[in-house]
Participant: 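Could you have a look at this structure, given as structure tokens, before my questions?
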Amino acid sequence: MKKLDELKEWRRTHYSVEITPELDGKRVTVFGWLASIREQGGITFLILHDKEGVVQITMHKDKISRSVLEKAKSLREHSSIGVRGIVKSIDKAPHGAEIIPEEIRILGIVQRQPPFTLFGGKMASIDKRLDIRVVDLRRPKAQAIFRIRHTVLTAIREFFIKRGYMEVSTPKIIATATEGGAALFPILYYDKEAFLAQSPQLYKEQLVIPFEKVFEIGPIFRAEESRTLRHLSEVVSIDVEEAFVSYEDIMKLIEQMIYHTVKKVRGRCSSETELLRHELPVPKVPFKNFTYRDVLEILEKEGITLSWGDDLSTQSLKILGKTMPEFYFITDWPTFMKPFYIKPKGDKQDISESFDFMHGAIELASGGSRVSSKRLLVKRLKEQGLEPKLFRYHLRIFDYGMPPHAGFGLGLERLMMVLTGQENIREVTIFPRDQSRLTP
RNA sequence: GCCUCGGUGGUGUAGUCCGGUCUAGCAUAGGACGCUGUCACCGUCCUGACUCGGGUUCAAAUCCCGACCGAGGCGCCA
């Protein structure tokens, strides 16, 4: 057993990337994890990485105390250490500067052979990586993905707050199905049956009464038996609802939100997108807009015949994605294909004021104008085979001046797949949940 | 949920069709040594694996059955 050192009075003076030639001769303290150790004759090089990047620690056999050198050589990749030493400006070092250590403290040792190395080498399968996910997240590419995610969330919050939307939180433990459709996870709520929310839909609609413009960024849960690269049982949904607007206004809002977000990612995360080798062009606005009927015609030309009312199969979405590898909307879906709260068009009741927001073959968001008349809502519930009684707590709000309103729900992970070029939604989720994975 | 495919050292793979040549190859990792400017360092040597259970056979990593685990596609779903 190797002995661990105590942190004691040591505190970080610099992050790895802050070790620059200008600090030449200064004493610094850095903390991090060992990314690699290389011996070159009488010189030993350690690469230390922290959350910001890497720095090189260099030890000449004759110029360093024996105990420091022995300690360094005993280390294995992934060990967590602290290093106190003198910065030396030198061209041959990776960023023009390195640290000559005076003392090394071993703070966390590596007991087992990790299933992968941080830099280079073959990647282990996603299953093995997810088993020790936080170690996997040290990989530079994973770091890049989640830095981008952080930037995306920040940009989206900035965007809505600046435009006067209020951030809200709604219950994730609910009494009844919100919209029918997706399967819910039942849970035991004291002595009652309850469910995990599949969407904040009904709550956010109600919240336009006091707040007019709201958004929520929070988890939603779906108990679908979906075994694909783009479905999870728990995802983060970005939900917006606004009073006195229609679905066309909401589509415009999405367009601006995406434009703003991509601009921010490009501005703040250029090194991350470069590392991921993923081109992220500024999206061309306005986004293209096809009706459901247009899409059927496009698919017809591609040799796929669908009848009005057919869902777009995975195959047809893939073909659509090839012809349109960009952001676009599919609007005016048949009313019966959409949830009960989606508003039918005034003159054509069989078509709805609805849209799906797409990128290539992947559906990112759906939204629409909402039904604001209680009578119509009850009619729509019945048409969809739902029991209005179960929705009485929702319906009675409509007796107290429910304004016309519209909104959308967007899957954050799917947006992240598009922004980072990942094919598996698990890569953009810190601790993914699917039908076979409940841990870690 | 359905269909298809797979499970070989810590990790990624070759070998499986067509049983014997497998004492299981390669890379990476781990250990030892050498190398005074590496940066996926390099060189030499070493360590380490056929998912589990049953069956067929003179002989099974290889063929058959079952279990467990995983991957992809479709459907469901947003």
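First the proteins, then the strands, lettered A, B, ... as listed; each starts at 1.
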Participant: Which whole-number value in Å describes the distance from A:Arg38 CZ to B:A29 P?
Facilitator: 11 Å
Participant: When you measure only distances, ignoring hydrogens and angles, does the side chain of A:Glu39 come within 3.5 Å of the base of B:U38 through a donor and an acceptor?
Facilitator: no
Participant: What donor-acceptor contacts under 3.5 angstrom involve side-chain atoms of residues 404-411 of chain A, with partners at least two apart or in another chain?
Facilitator:
{"from": "A:His405", "atom 1": "ND1", "to": "A:Pro403", "atom 2": "O", "distance (Å)": "2.9"}
{"from": "A:His405", "atom 1": "NE2", "to": "A:Glu205", "atom 2": "OE1", "distance (Å)": "2.6"}

Participant: Between B:C74 and A:Thr314, counting only base atoms on the nucleotide and side-chain atoms on the residue, is there a donor-acceptor pair under 3.5 Å?
Facilitator: no
Participant: Reading RNA chain B 5' to 3', what string of ( ), [ ], | and . shows its pairs, if Watson-Crick and G-U wobble pairs count only when both distances fall under 3.5 Å?
Facilitator: (((((((..((((......[....))))((((((.......))))))...(((((..]....))))))))))))....
Participant: How many whole angstroms separate atom CG of A:Asp131 from atom C1' of B:U11?
Facilitator: 13 Å
Participant: Looking at B:G37, does its base get a donor-acceptor pair with the side chain of A:Glu98 below 3.5 Å?
Facilitator: yes
Participant: Can you check the distance between B:G55 and B:G31, where both ends of the measurement are the P atom (answer in whole Å)?
Facilitator: 42 Å
Participant: Specify the separation, in whole Å, of atom CZ of A:Arg227 and atom P of B:G6.
Facilitator: 15 Å
Participant: Starting at atom CZ of A:Arg426, determine the distance to atom C1' of B:A71, rounded to an integer number of angstrom.
Facilitator: 10 Å
Participant: Between A:Lys73 and B:C33, is there a side-chain N or O to OP1/OP2 distance below 4.0 Å?
Facilitator: no
Participant: Could I get the full list of side-chain hydrogen bond (donor to acceptor under 3.5 Å, both in side chains) partners for A:Thr29, not counting sequence neighbours?
Facilitator: A:Arg84
Participant: In whole angstrom, what separates A:Ile57's CD1 from B:U38's C1'?
Facilitator: 14 Å
